[in-house]
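The model shown is predicted, which means the values in this text are computed figures rather than measured ones. Residue numbers start at 1 and run along the sequence shown.
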Amino acid sequence: MATGRSPRTPGDRGGHFTVVDPSTGEAFDEAPDRRPEELDAAVDRAHAAWHDWRADPVARKAALLAAAAAVDAAAAALAPLLTREQGKPLTESHAEVARTAARLRYFAQLDPGTQPIADGRPVHSRLRWRPIGPVAAIVPWNFPLQLASAKFAPALAAGNTIVLKPSPFTPLATRMLGSVLAGALPEGVLTILTGREPLGARLASHPGIRHVSFTGSAATGRAVAAGAAATLARVTLELGGNDAAVLLDDVDVEEIADRLFWAAFRNCGQVCMAVKRVYAPARLYSRVVDALAHRADTAAVGPGLDPASRIGPVNNAPQLARVEYHTARALADGGRAVAGGHRLDRPGYFFAPTILADVPADSPVVTEEQFGPVLPVLPYDSLDEAVRAANGTGFGLGGSVWGTDLDRAAAVADRLECGTAWINHHAELSLAQPFAGAKDSGVGVAGGPWGLYGNLRPFVVHRPKEA
C-alpha cells in the first residue's frame, strides 16, 4: 500500500503523517492528519445518518451481516497490511480480521426487545430501548481492527452512528476496513478519521457526541472522561491491566508451561489482559522460571510477515523505550534476566523475550503495566501472600489460577479483584461474555448483550389499563 510520496517526518503538519513498519523502524506509508473542521463535518454526517439508521432494525441487521461478509472477503488484503503496521505475526492478523467479522455477525443477531414491567399498578408499563446518538470510538495500536469492531459493532447494532479514530501508529488497516465497510453501510453511519493529537481529545469532548468509547492507558482515560464530562456524554473506558497468574502448589509445571508462556507473550506481550506477573510457590519456583526461560530462548522472533516468526517486534519506539526502562530498572533493583533482557541487534523494534527472576515486589515491572515481551516471576511462601500480591496493584482487569485441584483453584479465583478470572488458561474471551475491569482498569462494560445495552438508553411508556 505504498503511496509513492516522499516520507515526512513525524513533526510534519503538512496534512499527512508517516506510518512506520516496526520490523524495520522505517516509514513505509502515510495517512491523513485530519483537521478540526473535518471532525466537525464527520460528526454532522453521523447526526444526519442517524435518523434513518435507527429507524429500520431489519435493514440494519442486513447491513451488518453484509459488512461481516465484506470483511471476510477482504481478509487477504487486510491481514498483511495490519501486520506491516502493527508487527504481529500474519496468523494473528488473520485471526484478528476473522474476529472482526464474527463480532459484526454476533451483534447483528441481538435484539434488546421490549419488556413489560409488572409493578402492581393499574397501568401497562413497557420498557423499550433506544439508541443514544453518535458515538466516538478511540482505538489503540495493539489490536486496531478487533478493538475497533468491539466498539462499532454494538454501537451500530444498537442503532447509533459512529466516528472512529485509530491510533496514529496503526491507521492504515483501519482505513482499509472503513473502505470495505462503506460498501455495506449507508453513508455517514461509520466514519474513520486518522490523525494525531489533539484530534482524539477534540473527538472525546465534541458536543455532538453522546457516548465515548476509549481503550488505552489509565492516564489518557482520565483525560477522555474529563473531556466527555463537559458535554455529559456517556463513557466506556477500558484502561489496561496488570494481570497476575497464581500457580498453586499442585500445578503440573510442564503441562501448563506452554499455555502460560503464550498467555504472556502473544502479540509480543502487547495485550491488555495478558499475563504480566507470575506468582509461583517457592518449592516450584526454579522449575517455573526454567520452563518459561526455555520457551523464551527458543521462541522464533522476527518480522510478522515471515511465516517462521512467532513473536514480532514491539509496535513503536516510545513503547520499546518503556519496555527497555522497565527491564533495566528491574535489573538495577536486583532482578536477573534468566532469558532475554535486552533489545535485539537488528533493524526494527525487536526486544528479546525476557523472563525476570528475583525481582523485588515493588519494582515498576511488577507494579505497572510493562506491555511488552517481559515477564517477572515472583516466589511466594503462603497462598494468602500470593493473593494479596496479585490484588496489590491499582489494576483489576483479569487474573488466573493454575493447578490440578479445580475446586481449590476456583476458590482462589473467587478471591481475585478483577473483572475476569480464568482457571488453567488466560486471556480467552467469547463474544457473548461481558468484559469489564475493576479499580483502575476501566469504567463500563463491553461484550455480549451488556455491550449492546451500553449503547442504548431505556425508554418507558405507561398506558392506562382498559376497563
Closer than 3.5 angstrom, by distance alone: can the side chain of [X] be matched with the main-chain N or O of [Y] as a donor-acceptor pair?
X      : Y      : result
Arg196 : Pro168 : no
Asn391 : Glu417 : yes
Glu324 : Ala328 : no
Ser23  : Pro303 : no
Arg322 : Glu369 : yes
Thr354 : Ala352 : yes
Ser309 : Gly312 : no
Arg103 : Gln146 : yes
Arg84  : Asp21  : no
Gln109 : Tyr106 : no

Hey, does [Y] have a side-chain heavy atom less than 4.5 Å from the side chain of [X]?
X      : Y      : value
Leu39  : Val43  : yes
Trp422 : Leu429 : yes
Pro22  : Val314 : no
Val365 : Thr327 : no
Thr236 : His211 : yes
Leu356 : Leu375 : no
Arg60  : Asp56  : no
Leu82  : Met176 : no

Nearest heavy-atom pair of [X] and [Y]: which atoms, and what distance?
X      : Y      : result
Ala274 : Asp243 : O-CB, 3.2 Å
Pro171 : Glu85  : N-OE1, 3.2 Å
Ile311 : Pro89  : N-CG, 4.3 Å
Asn242 : Arg277 : O-NH2, 2.7 Å
Leu172 : Ala31  : CD2-CB, 4.2 Å
Leu232 : Arg210 : O-NH2, 3.6 Å

Of all residues at least two apart in sequence or in a different chain, which pass the side chain to side chain donor-acceptor pair (under 3.5 Å) check with [X]?
X      : answer
Gln433 : none
His206 : Asp40
His462 : Arg121, Ser125
Arg346 : none

Checklist line | Within residues 434-457 or reaching into it, pairs that qualify as ring pair (Phe, Tyr, Trp, His ring centres under 6.0 Å) - sequence neighbours excluded | finding: Trp129-Tyr453

Restricting to pairs with a member in [range], which pass side-chain hydrogen bond (donor to acceptor under 3.5 Å, both in side chains), not counting sequence neighbours?
range            : result
residues 62-80   : Asp72-Arg105
residues 92-101  : Thr83-Ser93, Lys88-Glu96
residues 158-170 : none

Donor-acceptor contacts under 3.5 Å from residues 260-271 side chains, at least two apart:
residue, atom, partner, partner atom, Å
Asn267, ND2, Asn142, O, 3.1
Asn267, ND2, Gln270, O, 3.1
Gln270, OE1, Asn315, N, 2.9
Gln270, NE2, Asn267, O, 3.1

Next item on the list: Quick one: which residue pairs count as a salt bridge (charged side-chain N to carboxylate O under 4.0 Å, His left out) with a foot in residues 215-239, not counting sequence neighbours?
Entry: Arg222-Asp440

Next item on the list: Check the pair Thr215 / Lys151 against side-chain hydrogen bond (donor to acceptor under 3.5 Å, both in side chains), numbers first and verdict last.
Entry: CA-CA 10 Å; Thr215 299; Lys151 300 179 186 309; 2.8 Å; yes

Margin query: Using the ring-ring contact (aromatic ring centres under 6.0 Å, His included) criterion, which residues pair with Phe371? Sequence neighbours excluded.
Written below: Trp141

Margin query: Can you tell me if Asp119 has over 12 outside heavy atoms packed within less than 6.0 Å of its CG?
Written below: yes

Side-chain donor-acceptor contacts of residues 179-195 below 3.5 Å, not counting sequence neighbours, with atom names and distances?
residue, atom, partner, partner atom, Å
Ser179, OG, Arg175, O, 3.4
Thr194, OG1, Pro32, O, 2.5

